[in-house]
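One structure below.
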Amino acid sequence: MAEIESKVPDIGGHGDVPVIELLVAVGDTVKKDQGLVTLESDKATMEVPAAADGVIKALKVRLGDSVSEGAVIAVIDAVLPSPPGRGAGGEGTTSAQPAMPVQPSPAAAQRPLPLGEVKASPQAAASSGRAADIECGMVVIGAGPGGYTAAFRSADLGLDTVLVERYATLGGVCLNVGCIPSKALLHAADVIEQASHASDYGVDFGKPTISIDKLRGYKDNVVGQLTKGLAGMAKQRKVRTVQGVAKFVSANELEITAADGKVQLLRFAHCIIAAGSQPVKLPAFPWDDPRIMDSTDALNLAEVPKKLLVVGGGIIGLEMATVYRALGAEVTVVEFMPQLMPGADADLVKPLADRLKKQGVAVHLKTKVVDAKAQKNGIAVSFEGESIPEGKLYDRVLVSVGRSANGGKLDADKAGVAVTERGLIPVDAQMRTNVPHIFAIGDLVGQPMLAHKATHEGKLAAEVAAGAKKGWVARVIPSVAYTDPEIAWVGVTETEAKAKGLKVGVGKFPWAASGRAIGLARTEGFTKLIFDEDSHRVIGGGIVGVHAGELISEVALAIEMGCEVHDIGSTIHPHPTLGESVGMAAEVYDGSITDLYIPKKR
C-alpha cells in the first residue's frame with residue numbers, strides 16, 4: 001500500500017467553502033472517485049472524491065471546517081494495482097461498506113460529538129432473529145413537534161413511516177401538556193388583566209367571575225382541535241401510528257409495549273429518536289402529595305390555590321405564575337440565581353420584574369428551598385439564601401427548575417447509540433448519532449429545549465435519511481417567555497458579548513415613544529438591537545413588551561440574512577405598529593432617529 005492524499009479540486013474559484021457532511025470515517029474502505037465529504041458554496045454543493053481505492057487512514061477536516069482548492073481532505077492507504085495473474089476476489093481487491101450497516105462500525109463512533117466526549121460507544125446487541133410484527137423504512141420515536149414533523153416529512157419523501165407515541169394523542173408534551181395549553185391559559189390571564197385596567201380609559205367590566213371548569217374545558221378544546229388535526233394529517237400521509245413505549249432491541253429493531261402489556265417487534269431501516277424530556281423532580285419535595293406540582297400538573301388546573309409557591313424563576317415558572325396570579329392566587333417565586341430568566345439580559349427582565357412587584361407577586365432571588373414537608377394544612381417549606389420569604393406554608397407548590405432528557409430510557413445501548421450520563425444523545429450536523437442510520441432530534445440532543453428548534457431538526461433528519469446532502473445551518477434560535485410583558489431574544493445577548501469581549505454597539509428604542517404602545521397603555525417595553533461594530537451587521541436583539549414573541553422573528557431573519565444597520569433602518573415599517581420599533585432601534589444605533597432626541601456625543 002501507499003499513502004495518497006485526497007485534496008479539494010477546483011471549486012470554481014470559491015474559497016473557504018464549508019464542509020457540511022462527512023461521508024466516510026477513519027477505517028472505511030473506499031473506491032476511487034467515491035465521495036469523501038460534501039462541500040457547500042453559496043452556489044452549489046459538491047463531493048470531494050477519493051483519489052484512489054483503499055482505506056481511510058486519516059481525515060483532515062471536521063464538520064463545519066472551511067476549505068479551499070488544494071486543501072487535504074483525507075489520507076488513504078491506497079491499494080496498489082494487482083500484479084498480473086491476480087483475478088477478482090484476490091488479495092488486491094476491496095469491498096465497499098454496506099449502505100446501511102446493521103451493526104455500527106468502530107469508525108462510526110468517531111463522528112464529532114458536540115455535546116461532550118463519550119469515551120466509548122456501546123456494542124450493539126445482535127438481531128433478535130424473531131419475525132417482526134411491523135416493518136418500515138423509517139420509525140420515529142416520539143410524536144412531539146419534532147417527531148411528527150420528522151414523520152410527516154419522511155412520508156412526504158417516500159419513506160414507509162411508522163410513528164411511535166406512548167400517549168393516546170399525537171403532539172407530545174408541547175401540544176398536550178406544554179406550549180399550547182399554557183398559551184391558552186395565558187390568553188385567559190391576559191383578558192382578565194386587560195379587563196381589570198379597562199376602567200382607566202372609561203370601560204368598566206366589573207370584577208370577573210371565573211369558572212375553573214369552563215376554563216379547563218377551553219384549554220382542553222384548544223388541545224383537542226390540534227391533536228385531531230395531527231391525526232388527520234398522519235392518516236392522509238399514510239403514516240402508521242403505534243401507541244406504546246419503544247425500546248431498542250438491536251441496531252435495527254424496537255420493542256413497543258402497549259398499555260395493556262402487549263409487545264410488538266418493529267424492524268426498521270432508519271430511525272429518528274424524538275423522545276423529548278421530562279420535568280426535573282428535586283428530591284427535597286414530597287412528590288407523592290398531589291399539592292406538589294410539576295408543569296404538567298399545574299396545567300391541569302385542579303384548583304386555584306390561595307397561596308402558591310413557584311420554585312424556579314425561569315420561563316415556565318413565570319408563565320404559570322402569570323396564570324395563577326390572574327386567577328386569584330397569592331404567588332411567591334423563589335429563584336436560586338441572582339435574576340429571573342438567567343438566559344436573558346437583565347434589562348429585558350426588569351420591566352417584567354417591576355410589573356410582577358406591582359401585581360403583588362413576591363419574588364425572592366438568590367434563594368432556594370432546602371426542605372418541604374406535607375402537612376394537613378399545607379406544604380411547609382424551609383428556605384436558604386439572601387431573600388427568605390415571610391410565608392412558610394403554601395396550599396400548593398409548583399417546582400419548575402428545568403427538564404432532563406429522556407435519552408437514557410430507550411435502551412439505546414442495545415442499538416450501539418452513545419448516550420451521556422445526563423440522557424443526552426450526541427449528534428453531528430446532520431442529526432446522526434454515532435450509528436449512521438439512527439438520528440436524534442429535539443430536547444434530547446441538548447439546549448435549547450424548544451419546540452421550534454426540534455421541528456427544524458426533525459425535518460433535516462428526515463431529509464438526510466432520504467438522501468439529501470445538507471446539514472444544520474441555523475445561525476440563531478429565538479427564545480420567548482409568554483409572560484406579561486412578554487420577553488423575547490435572539491442571537492448574541494449583551495451579557496454574552498461582554499463575557500466574550502466582543503466589540504458591539506446597541507440601538508435601543510423605548511416604547512414610551514411608540515404611538516402604538518401609548519395607545520395600548522403598555523409603554524414599559526423596549527426594542528434593542530446588537531450590532532457588530534466592525535461590520536455593522538446585526539448579531540442579536542431583544543424585545544420586552546406586549547407581543548414581543550411575534551416581533552422577534554424580524555430580528556431573527558435579519559441575523560440569518562446578514563443585515564446591516566441600514567438594511568433594517570431603511571426598511572419601511574407600517575405605522576403605527578410595535579413592529580416599527582425594530583427599524584427605529586436600528587436608527588438609534590445609526591444616529592438617524594427622528595422620533596427621539598439623542599444628543600450627539602462630543
Side-chain angles (χ1 to χ4, degrees), residues 182 185-186 188-200 207-208 298 304-369 381 383-401 480-489 494-495 508 510-512 517-518 520-528 542-549:
S182 67
L185 295 179
L186 283 162
D190 182 52
V191 170
I192 294 170
E193 181 66 13
Q194 288 192 50
S196 69
H197 291 282
S199 59
D200 295 346
K207 185 176 180 179
V304 178
K306 183 179 179 181
K307 291 187 176 182
L308 172 68
L309 173 66
V310 177
V311 181
I315 291 177
I316 295 175
L318 291 176
E319 288 181 352
M320 288 296 93
T322 299
V323 169
Y324 276 90
R325 188 215 64 81
L327 295 177
E330 179 184 320
V331 179
T332 299
V333 178
V334 294
E335 166 59 46
F336 180 69
M337 300 298 287
Q339 78 163 55
L340 298 174
M341 278 184 228
D345 280 333
D347 61 343
L348 289 173
V349 178
K350 188 178 184 302
L352 171 62
D354 291 343
R355 189 171 179 84
L356 289 174
K357 185 177 180 180
K358 290 179 181 178
Q359 292 172 337
V361 176
V363 176
H364 299 268
L365 303 175
K366 298 183 181 179
T367 302
K368 66 178 181 178
V369 172
V381 183
F383 301 95
E384 182 181 276
E386 294 188 10
S387 177
I388 306 299
E390 293 182 6
K392 302 294 189 295
L393 191 67
Y394 300 90
D395 299 298
R396 283 183 176 263
V397 177
L398 166 60
V399 182
S400 179
V401 292
V480 182
Y482 296 90
T483 47
D484 183 21
E486 292 182 4
I487 299 175
W489 67 97
E494 280 194 87
T495 304
K508 182 184 290 188
W511 286 14
I518 293 171
L520 294 171
R522 295 300 301 270
T523 59
E524 74 274 15
F526 63 83
T527 299
K528 73 172 178 179
I543 305 174
V544 55
V546 292
H547 308 305

* Can you pull the salt bridge (charged side-chain N to carboxylate O under 4.0 Å, His left out) pairs that have at least one residue in residues 311-326, sequence neighbours excluded? -> Lys183-Glu319, Glu193-Arg325
* Neighbour count >12 (heavy atoms, 6.0 Å) for atom CZ, Phe336 -> no
* Asked: Among pairs that include at least one residue of residues 331-346, which meet side chain to side chain donor-acceptor pair (under 3.5 Å), considering only residues two or more places apart or in two chains?
  -> Asp345-Thr495, Asp345-Lys528
* **Rounded distance [0.5 Å steps], CG in Leu356 versus OG1 in Thr322** => 6.0 Å
* Asked: Around atom NE2 of His364, are there more than 12 heavy atoms of other residues, nucleotides or ligands at under 6.0 Å?
  -> yes
* Asked: Quick one: does Ser400's side chain get under 4.5 Å of Met320's, heavy atoms only?
  -> no
* To do: Just jot down the side chain to side chain contact (heavy atoms under 4.5 Å, CB included) partners of Lys350, sequence neighbours excluded, or say none.
  => Asp354
* Passing candidate, side-chain contact (heavy atoms from CB on, under 4.5 Å) with Trp511, options Val544, Val546, Ile518, Leu520 -> Val546
* Residues in side chain to side chain contact (heavy atoms under 4.5 Å, CB included) contact with Lys307, at least two apart in sequence or another chain -> Glu330, Tyr394, Asp395
* With sequence neighbours left out, write down each residue that passes salt bridge (charged side-chain N to carboxylate O under 4.0 Å, His left out) with Glu386, or none if nothing qualifies. => Lys366
* Could you pull out all residues at least two apart from Asp484 that satisfy salt bridge (charged side-chain N to carboxylate O under 4.0 Å, His left out)? => Arg355, Arg522
* **Sole candidate of Leu309, Val310, Val311 that passes side-chain contact (heavy atoms from CB on, under 4.5 Å) when paired with Leu398** => Val310
